[in-house]
Amino acid sequence: MDLRVSTSYEDRAAAEEAARIVQKCVHCGFCNATCPTYQLLGDELDGPRGRIYLMKSMLEGNTVSSRTQLHLDRCLTCRSCESTCPSGVRYGRLLEIGRELAEQQVRRSSKDRLVRFALRKIMTSRKWFGLLSRIGRWVRPALPPVIAKTLPARRDAGRIPSIRHSRRMLLLDGCVQPALIPVINAAAARVLDRAGISVVVPPEAGCCGALSLHLGATAEAERYMRRNIDAWWPEIEKGCEAIVMTASGCGVTVREYGQLLARDRAYAEKAARISSLTRDLSEVVAVEKPGGLPSGNARRVAYHAPCTLQHGQKVHGQVEELLRRYGWQLATVREAHLCCGSAGSYSLLQPRIANRLLRNKLAVLQEDQPELIASANIGCLLHLGKEARLPVRHWIELLDPAIAQK
């Protein structure tokens, strides 16, 4: 696609970056074949190709309307289209820029602005989200069912190993995971401890920036990124080997810190180093092969591969191989490339589409009669858990001797 960026854009660097991405698109339409929202809605503007045309028009200086914003909002940012695209279009990055530019030109309703502001401020704060989660559990019987079922039952995290090994890796706690399912990182710490690796969790590190980034608040997202880099850097200088991600949604963003902060002279080099050290937990466990892990005893598990892992980070088959290695039998899951509908804040902002995707995903996850469902991302776990008739767990819990047999 040919285009010339309008001179009206003050931030020419971001707009020019978006233009270069757009120009790689050959409008073949392969992306629509694997786009969840296009498959559901059948509207060209709710597929990647149509959204690229909308962003091209915006970059050329044409009028941006609430209709443009609606179609960009409806994108899950699942990046399935990137896995399909024969031209290597970096659609995810293009959408981040497009959403930010649209936010600058289209004024949302007061209600929408309030909801998005609240999501960004509450969900990215461990303090406030933790408090509200505790209150929510106390008053669960009085909550509307649609809200009550989003709060998982509290499970004890168990013992967390002390830092005792010479080999150390950083672990990101994240925003909502410590409050809702703290057992995930505790299980990861126990499994890595068996491999002779201690995990370090600097308390200053917090939200990875993904939620703000996807809601068009790029400057806010970059502040979170710089804060994390500052928190991690002293530990990296002391020899931490990697930054381990137990939530693939965080992992895909941290892997892109180098790209996102490339124009920040003070942080560009450090951000690139952070990205190069970032690993999904499955990549680390697959290499380290911790001993003494329990057998799955041939129990059947349906594995849901999060979009942020398979399409965003391009990590394929690691979790499945680990589950097989330790005795689990994998149920067949059709259309594993399609999104479950969680997508960060998407399930809250686009519930109609998200719930249709959820029902479709649960149907294929449960049809081969597994005993439980496993995934690799906190958002997917919570979303699936709302309606699943089976237990939904993070895959690392199935490899943790402290809880796998419960």
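Residues: numbered from 1 along the sequence shown. Given the structure is predicted, the values throughout are model-derived calculations rather than measurements.
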Could you tell me the separation between the [atom1] atom of [X] and the [atom2] atom of [Y], rounded to the nearest 0.5 Å?
X	Y	atom1	atom2	result
Glu103	Arg116	CD	CZ	5.5 Å
Arg49	Tyr91	CZ	OH	13.0 Å
Asp73	Leu95	CG	CG	9.0 Å
Cys339	Leu76	SG	CG	4.5 Å
Thr246	Ile378	OG1	CD1	8.5 Å
Cys25	Lys56	SG	NZ	10.5 Å

Tell me, yes or no, whether the heavy-atom count around [X] atom [atom1], taken from other residues, nucleotides or ligands under 6.0 Å, exceeds 12.
X	atom1	result
Trp128	CH2	no
Arg154	CZ	no
Tyr326	OH	yes
Lys149	NZ	yes
Glu367	CD	yes
Arg67	CZ	no
Arg140	CZ	yes
Arg300	CZ	yes

Is there a side-chain contact between [X] and [Y] (heavy atoms, below 4.5 Å)?
X	Y	answer
Glu204	Trp232	no
Leu151	Leu143	yes
Met55	Leu72	yes
Leu338	Leu357	no
Trp328	Leu372	yes
His383	Asn355	yes
Arg99	Leu215	no
Val315	Gln310	no

In terms of side-chain geometry, is the basic nitrogen of [X] or [Y] positioned less than 4.0 Å from the acidic oxygen of its partner?
X	Y	answer
Asp280	Arg255	no
Arg279	Glu283	no
Arg324	Glu320	no
Arg79	Glu256	yes
Lys270	Glu237	no
Glu235	Arg168	yes
Asp193	Arg164	yes

Where do Gly206 and Leu172 come nearest, in terms of heavy atoms and distance?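 Taking Gly206 first and Leu172 second, the nearest heavy atoms are O-CD1, 3.4 Å.
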If you look at every heavy atom in Val285 and Arg325, which pair is closest and at what distance?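 Minimum heavy-atom contact is O-NH1, 4.3 Å.
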Do the side chain of [X] and the main chain of [Y] share a donor and acceptor less than 3.5 angstrom apart?
X	Y	value
Asn185	Leu171	no
Asn62	Met58	no
Gln69	Ser65	no
Arg113	Arg108	yes
Tyr257	Cys208	yes
Glu397	His394	yes
Arg190	Arg159	yes
His165	Arg167	no
Arg134	Ala179	no
Lys361	Gly341	no

By side-chain hydrogen bond (donor to acceptor under 3.5 Å, both in side chains), which residues pair with Arg93, not counting sequence neighbours?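 side-chain hydrogen bond (donor to acceptor under 3.5 Å, both in side chains) check on Arg93 returns Glu17, Glu96.
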For the pair Leu322 and Trp395, evaluate side chain to side chain contact (heavy atoms under 4.5 Å, CB included) and give the outcome as yes or no after the intermediate values. CA-CA 9 Å; Leu322 285 167; Trp395 66 267; 3.8 Å; yes
Between the side chains of [X] and [Y], does any donor sit under 3.5 Å from an acceptor?
X	Y	answer
Thr34	Thr84	yes
Tyr224	Thr124	yes
His311	Ser83	yes
Thr37	Arg51	yes

So, using side-chain contact (heavy atoms from CB on, under 4.5 Å) as the criterion, who are the partners of Ser66 when residues are at least two apart?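 For Ser66 the side-chain contact (heavy atoms from CB on, under 4.5 Å) partners, ignoring immediate neighbours, are Val106.
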Stepwise side chain to side chain contact (heavy atoms under 4.5 Å, CB included) test for Phe129 and Cys175: CA-CA 8 Å; Phe129 188 83; Cys175 308; over 6 Å; no
Checking Leu192 against Val284 for the side chain to side chain contact (heavy atoms under 4.5 Å, CB included) test, could you report, in this order, the C-alpha distance in whole Å, the side-chain angles of both residues, the deciding distance, and whether it holds? CA-CA 9 Å; Leu192 291 176; Val284 177; 3.7 Å; yes
What's the verdict on side chain to side chain contact (heavy atoms under 4.5 Å, CB included) for Tyr346 and Arg74, showing C-alpha distance, side-chain angles and the deciding distance? CA-CA 8 Å; Tyr346 190 93; Arg74 282 179 178 169; 4.3 Å; yes
